[in-house]
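Only one structure is covered here, and it is reproduced in the block below.
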Amino acid sequence: MLAADDSHWMAEALHLAEKGLCTTSPNPRVGCVLVKNGVVVGRGWHERAGEPHAEVHAILQAGSEARGATAYVTLEPCSHHGRTPPCADALVAAGVCRVVVAMQDPNPLVAGRGIACLRDAGIAVEVGLMESAARDLNAGFIVRMTRGTPLVRSKIGMSLDGRTALANGVSQWITGEDARRDVQHWRARSCVVLTGINTILADDAHLNVRDLQTGRQPLRVVLDSDLRMPTAAKVLQGGVLIYTVNPDPLKVLRLEEAGAEVAVLPDGDGRVDLQAMLQDLARRSCNEVLVEAGATLNGALLQAGLVDEMLLYVAPSLLGDAARGIAGLGELTSLAQRVRLHWKDLRQIGNDLRITVRVENV
């Protein structure tokens, strides 16, 4: 039975899990707090894939004080041997008497087995405390485990009238410096930054994380149906994955020599197969994809029902009817064809608004 202060300790475990927001991929972000007689005796979070999990860090910090303690864990302790031993076994060996779990692990290799292991050892286990917050923290991991594709989040900088660039393509800068700095945090937490070749040709963007200390860079991915990528493009520095429909061996070799990996994924209509692309990224253990693209790719992803969230940075300015819109959806002839969104978060970032919406994909 849950106690009055269980939520307090689980909130601390969730806060610890957030410390791994940009570093644990492809693993989930997990935090653990060990409490004995109302006092924290151990804290831990999963810091990097391949390194000890949150429970192990907390147990090591607690030492002998772990015996008889309650463990608050944001995700079901693992029960299988991966790059590290099972955390459920570690909790049993440490002698904890109770485990409070925010949510069951959707990974088929775990999926309730960790909880069963603890209960079989006589440990009291309670599941579901602050589950919504735990699910938000690992939304990409959950989607990859249950759907077989990453979570797709489209970032768009726009004017108040929904325009992303002037008719001549000029877009730097619609939003302010604070908003652009905020984007770096979303890049850092993402496994992939995805764009189309037109954005590369127009902006020659690096698509990397800047001005933040992070132990890894996201995988840069470009959709380039005809392999128009210049070999001098900045995005090739440090490697990039290019999806194309053009298997031209000379073009492929030229880009591979410049540092790219080229994958051919045609959809039969002369375009990259977007669903197959996301499935391939999931096979590469990618949890979250941040799309930073123009109206063409944004529109294609939305029309295919492949966008989960939109991250809209809205500047207090108007660019007029001739300026470019956020997504090429074509002409809608019925309101039933509209893309339905659900409000998730709204806050001011500098002089701009950051609106997060969830896309309703039926």
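Values below: all heavy atoms of this structure, side chains included; hydrogens, waters and symmetry mates excluded. All of these numbers come straight from a predicted model, not from anything done at the bench.
In this structure, the side-chain contact (heavy atoms from CB on, under 4.5 Å) partners of Thr23, at least two apart in sequence or on a different chain, are Arg48. Listed by chain and residue number, Asn287 satisfy the side-chain hydrogen bond (donor to acceptor under 3.5 Å, both in side chains) test with Arg144 (two or more places apart in sequence, or in another chain). Remark: Lys344 engages Glu309 in a side-chain hydrogen bond (donor to acceptor under 3.5 Å, both in side chains) (not counting sequence neighbours). Annotation: side-chain contact (heavy atoms from CB on, under 4.5 Å) contacts of Ala258 (sequence neighbours excluded): Thr231, Leu236. Residues forming a side-chain contact (heavy atoms from CB on, under 4.5 Å) with Asn351 (at least two apart in sequence, or on another chain): Pro316. Residues satisfying the side-chain hydrogen bond (donor to acceptor under 3.5 Å, both in side chains) test with Arg338, not counting sequence neighbours, are none. With sequence neighbours excluded, no residue satisfies salt bridge (charged side-chain N to carboxylate O under 4.0 Å, His left out) with Asp273.
The CZ atom of Arg163 sits 9.5 Å away from the CD1 atom of Ile326 when rounded to the nearest 0.5 Å. Residue Leu302 holds its CG atom at 6.5 Å from OG of Ser154, rounded to the nearest 0.5 Å. With values rounded to the nearest 0.5 angstrom, Glu131 atom CD is found 10.0 Å from Leu75 atom CG. Here the CG-CD distance, from Asp308 to Glu288, works out to 10.0 Å after rounding to the nearest 0.5 Å. Summarising the geometry, atom CG belonging to Leu319 is positioned 8.5 Å from atom OG1 belonging to Thr164; distances are rounded to the nearest 0.5 Å. To the nearest 0.5 Å, atoms OG (Ser285) and CG (Asn27) are separated by 9.0 Å.
Using a 4.5 Å cut-off on side-chain heavy atoms (C-beta onward), Asn361 and Val339 make no contact. For the pair Leu118 and Val92, the minimum side-chain heavy-atom distance is below 4.5 Å. Residues Val100 and Val73 have side chains not in contact (no heavy-atom distance under 4.5 Å, counting atoms from C-beta outward).
Its side chain within the 4.5 Å cluster rule, Val183 clusters with Trp186, Leu290, Leu311, Tyr313 among the Ile, Leu, Val, Met, Phe, Trp and Tyr residues. Connectivity analysis of hydrophobic side chains (ILVMFWY, heavy atoms under 4.5 Å, direct or indirect) links Met145 to Phe141. Hydrophobic cluster membership of Val143, counting Ile, Leu, Val, Met, Phe, Trp and Tyr whose side-chain heavy atoms lie under 4.5 Å apart directly or via other members: Leu151.
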Test log, rule side-chain hydrogen bond (donor to acceptor under 3.5 Å, both in side chains), inputs Thr244 and Asp224: CA-CA 5 Å; Thr244 186; Asp224 183 4; 5.7 Å; no

After noting the C-alpha distance and the side-chain angles of Leu223 and Arg271, does the key distance pass the side chain to side chain contact (heavy atoms under 4.5 Å, CB included) rule? CA-CA 9 Å; Leu223 271 63; Arg271 293 169 294 193; over 6 Å; no

Please determine whether side chain to side chain contact (heavy atoms under 4.5 Å, CB included) holds for the pair Asn208 and Gln237, giving the CA-CA distance in whole Å, both sets of side-chain angles, and the decisive distance to 0.1 Å. CA-CA 10 Å; Asn208 59 353; Gln237 299 172 16; over 6 Å; no

What's the verdict on side chain to side chain contact (heavy atoms under 4.5 Å, CB included) for Leu212 and His185, showing C-alpha distance, side-chain angles and the deciding distance? CA-CA 8 Å; Leu212 286 179; His185 292 277; 3.6 Å; yes

Using side chain to side chain contact (heavy atoms under 4.5 Å, CB included), reason through Val240 and Val221 one step at a time and then give a plain yes or no. CA-CA 6 Å; Val240 64; Val221 176; 5.9 Å; no

Kindly indicate, with the supporting measurements, whether the criterion side-chain hydrogen bond (donor to acceptor under 3.5 Å, both in side chains) is fulfilled by Ser159 and Asp161. CA-CA 5 Å; Ser159 62; Asp161 54 348; 2.4 Å; yes

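The minimum heavy-atom distance between Met158 and Gly162, with the atom names listed, is CE-CA, 3.5 Å. Contact detail for Arg29 and Asn138: the closest heavy-atom pair is N-OD1, 2.7 Å. A pairwise comparison of heavy atoms in His206 and Val235 identifies O-CG2, 3.8 Å as the closest pair. Nearest approach of Ala293 to Gly196, heavy atoms of both residues: CB-N, 4.2 Å. Counting all heavy atoms, side chain and backbone alike, Ala102 lies closest to Met130 at CB-O, 4.3 Å. Contact record, Ala260 with Ile242: CB-CD1, 3.8 Å, taken as the closest heavy-atom pair.
The main-chain N or O of Val110 is found under 3.5 Å from a side-chain atom of Arg113 such that the two form a donor-acceptor pair. The backbone N or O of Gly176 sits less than 3.5 Å from a side-chain atom of Asp352, completing a donor-acceptor pair. Although no hydrogens or angles enter the test, the distance criterion places a donor-acceptor pair under 3.5 Å between the side chain of Asn246 and the main chain of Asp248. A donor-acceptor pair under 3.5 Å links the side-chain atoms of Gln337 to the main chain of Ser334, judged by distance alone. At least one donor-acceptor pair under 3.5 Å links the side chain of Thr74 to the backbone N or O of Gly31. Using a distance-only test at 3.5 Å, with no hydrogens or angles considered, no donor-acceptor pair links the side chain of Arg347 to the main chain of Ile355. The main-chain N or O of His57 is never found under 3.5 Å from a side-chain atom of Glu55 such that the two would form a donor-acceptor pair. Although no hydrogens or angles enter the test, the distance criterion places a donor-acceptor pair under 3.5 Å between the side chain of Arg216 and the main chain of Cys22. No donor-acceptor distance shorter than 3.5 angstrom exists from the side chain of Asp203 to the backbone of Ala205, with no hydrogens or angles considered. A donor-acceptor pair under 3.5 Å links the side-chain atoms of Arg147 to the main chain of Pro150, judged by distance alone.
Val291 pairs in a side-chain contact (heavy atoms from CB on, under 4.5 Å) with only one of the listed residues (Asn298, Val192, Val307), which is Asn298.
Two different hydrophobic clusters hold Tyr243 and Ile200 under the rule that ILVMFWY side chains link at heavy-atom gaps under 4.5 Å. Linking Ile, Leu, Val, Met, Phe, Trp and Tyr whenever their side-chain heavy atoms come within less than 4.5 Å leaves Met277 and Met229 in two separate clusters.
In this structure, Arg180 forms a cation-pi arrangement with Trp173, its terminal cationic atom sitting closer than 6.0 Å to the ring centre and no more than 45° off the ring axis.
Annotation: side-chain hydrogen bond (donor to acceptor under 3.5 Å, both in side chains) contacts involving residues 10-20, sequence neighbours excluded, comprise Glu12-Arg43.
Side chains of His342 and Glu360: a donor-acceptor N/O pair is present below 3.5 angstrom, by distance only.
The existence of a salt bridge linking Arg220 and Glu292 is excluded, since no basic side-chain nitrogen approaches an acidic carboxylate oxygen closer than 4.0 Å. Under 4.0 Å is where a charged nitrogen must lie from a carboxylate oxygen, and between Arg98 and Asp6 at least one such pair does. At a threshold of 4.0 Å, the pair Arg354-Asp345 counts as salt-bridged, since one of the basic side-chain nitrogens sits closer than that to a carboxylate oxygen.
Taking a 6.0 Å sphere around CG of Asp321, one finds it holds 12 or fewer heavy atoms contributed by other residues, nucleotides or ligands.
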Side-chain donor-acceptor contacts of residues 32-42 below 3.5 Å, not counting sequence neighbours, with atom names and distances?
residue: Lys36; atom: NZ; partner: Arg67; partner atom: O; Å: 2.9

